[in-house]
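Notes for the one structure printed next.
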Amino acid sequence: MEQTQWFSPEKIAQLQVEKLRQLLINANTHVPYYRKLFADLDFQPEKIVSLADLQRLPFLDKPTIRAHLEDLKSDRAQGLARFNTGGSSGEPLVFFIGKERVSHDIAAKWRATRWWGVDIGDPEIVVWGSPIELGAQDTLRTWRDHLFRSKLLPAFEMSDRKLDDFLDTIRRFRPGMLFGYPSALSHIAQYADKAGIAMHDLGIRVAFVTSERLYDDQRKQISHTFGCPVANGYGGRDAGFIAHECPAGGMHITAEDIIVEIVDPHGYPLPHGESGEIVVTHLASGDFPFIRYRTGDIGTLDDKVCECGRGLPLIREIQGRTTDFVVARDGTVMHGLALIYILRDMPEIKVFRIIQENLDLTRIQIVTETGLSPLLIDRIIESFQSRLGRDVVIRVEQVSDIPAEKSGKFRYVISKVAGI
Ligand SMILES: [Zn+2]
């Protein structure tokens, strides 16, 4: 990847066609869902000659993955890791990732890190809230922390006392880089400014942000407080490490591994420069193929050549992922994902929306296929109260549909409580 990033755009596209052909041939041979689909369409993967040939295949969306979870696994896949997502779209999804994809996604991450002069082994502070990292898997976490010299700060709960601890930890640890949600990093930065604690003199080289839309004021705040540039990244557990910002300001697609298409609301591909839904094909996903996967996010492909000289194509104006903070009854500021994760882990729930009306009342609208059992409602209320406060009213409402907002796929709202 260190070499291929300097290839010309034409050569990279050629590389993509070859990898795509391999992926599709492999899917035809080893993945039952695609074997049947290709037969039905009379689609012959060995005849692929251009990326446009992809357009003959249907999209892979969340309902399709849910309906064909077993048939999407390659018959020679070993050690598949189970993941779930739904943080950004509000539609929970379980899927699998093979070892090849894990290694490619990690390699893509470290390549982008090196663009900013930070390398494997440099100390890193991670402000994150995924249960993968925070859960019971302490061995994995210790191993990871040792290997990558990384320290994890839980992004979900940010009381003033915790924020003091965070700042103290960052000062003592003197990381080469910060990594986290833009909302969480800028919240910590704001707090440091307010408390008059200097953070710009620690030698932090860059702050990587991902998972949410990065707003200009957040970029300014983080950069000002920590005295470093902010590098934006775009991707997810489901879609992979899609793109990352280089020091010249270009959001480069990880084109060796990922083909990005932009489509209109009817699913027709849009020319470069026009804005539409981001659809990705992950070329290292042979064990559980992601072929034309709809992300629900909106973006634009850019034909411009980046000043840094890399041939990796550019994507810009990614919209969609926004997560607000929620506030518990006792004033603890919490990342919105803390609530979202509760619902996304419940397979009965298809779509949800969380509305924090005020500190005393949170409403949850839910669409299910099978109906809401009293047991499930109790579990939801218990989990929400454990985070927001025991005396907070949690109202669970079953609805038949939740109208799409903004980009069309965003169906959760976490309203901000006044003053935060
Ligand atoms: Zn660049």
Side-chain angles (χ1 to χ4, degrees), residues 1-17 19 51 104-120 122 124 176-182 185 204-216 218-220 222-224 226-236 239-262 270-276 278-284 295 297-321:
M1 291 180 104
E2 286 288 355
Q3 289 171 4
T4 48
Q5 64 182 334
W6 303 107
F7 282 8
S8 68
E10 296 73 27
K11 201 168 168 190
I12 290 172
Q14 196 188 333
L15 191 74
Q16 285 183 315
V17 174
K19 287 189 177 186
L51 296 177
H104 279 247
D105 287 350
I106 293 177
K109 182 208 157 178
W110 282 109
R111 174 174 68 180
T113 310
R114 290 165 68 142
W115 294 346
W116 295 85
V118 178
D119 212 334
I120 300 173
D122 287 334
E124 163 195 40
M177 65 190 243
L178 304 173
F179 180 91
Y181 309 110
L185 287 183
I204 299 171
R205 293 198 283 282
V206 60
F208 293 106
V209 295
T210 187
S211 273
E212 298 171 345
R213 183 165 182 185
L214 168 66
Y215 292 100
D216 285 343
Q218 293 173 327
R219 189 192 281 269
K220 277 191 204 125
I222 297 166
S223 177
H224 165 79
F226 294 107
C228 66
V230 176
N232 197 7
Y234 167 58
F241 194 95
I242 299 173
H244 210 280
E245 189 174 355
C246 80
M251 278 288 272
H252 289 281
I253 295 170
T254 312
E256 298 96 333
D257 289 334
I258 290 177
I259 296 170
V260 172
E261 298 172 85
I262 303 292
L270 288 165
H272 290 195
E274 283 187 36
S275 167
I278 299 167
V279 172
V280 299
T281 296
H282 199 304
L283 296 166
T295 63
D297 297 328
I298 302 291
T300 312
L301 286 172
D302 195 343
D303 276 333
K304 217 179 69 189
V305 177
C306 186
E307 280 170 28
C308 73
R310 289 180 182 85
L312 300 172
L314 301 174
I315 189 168
R316 60 184 159 83
E317 287 164 27
I318 296 154
Q319 305 156 21
R321 301 174 185 229

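Counting starts at 1 for both ligands and their atoms, following the listed order.
Of all protein N/O/S atoms, those lying under 2.8 Å from the Zn ion (ligand 1) come to 4.
Judged as a side chain to side chain contact (heavy atoms under 4.5 Å, CB included), and not counting sequence neighbours, the contacts of Pro182 are Val209, Glu212, Leu214, Gln218. Scanning for side chain to side chain contact (heavy atoms under 4.5 Å, CB included) contacts around Cys306 gives Cys246, Ala248, His252, Cys308, Leu314, with sequence neighbours left out. Every residue two or more places apart in sequence or in another chain that forms a salt bridge (Lys or Arg N to Asp or Glu O under 4.0 Å) with Glu2 is listed here: Arg114.
Cation-pi geometry between Lys109 and Phe208 is not satisfied (NZ or CZ under 6.0 Å from the ring centre, within 45° of the ring normal).
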Under the side-chain contact (heavy atoms from CB on, under 4.5 Å) rule, what do Asp302 and Ile315 come out as? Steps first, then yes or no, please.
CA-CA 6 Å; Asp302 195 343; Ile315 189 168; over 6 Å; no
Could you walk me through whether Leu301 and Ile253 pass the side-chain contact (heavy atoms from CB on, under 4.5 Å) check?
CA-CA 10 Å; Leu301 286 172; Ile253 295 170; 3.6 Å; yes
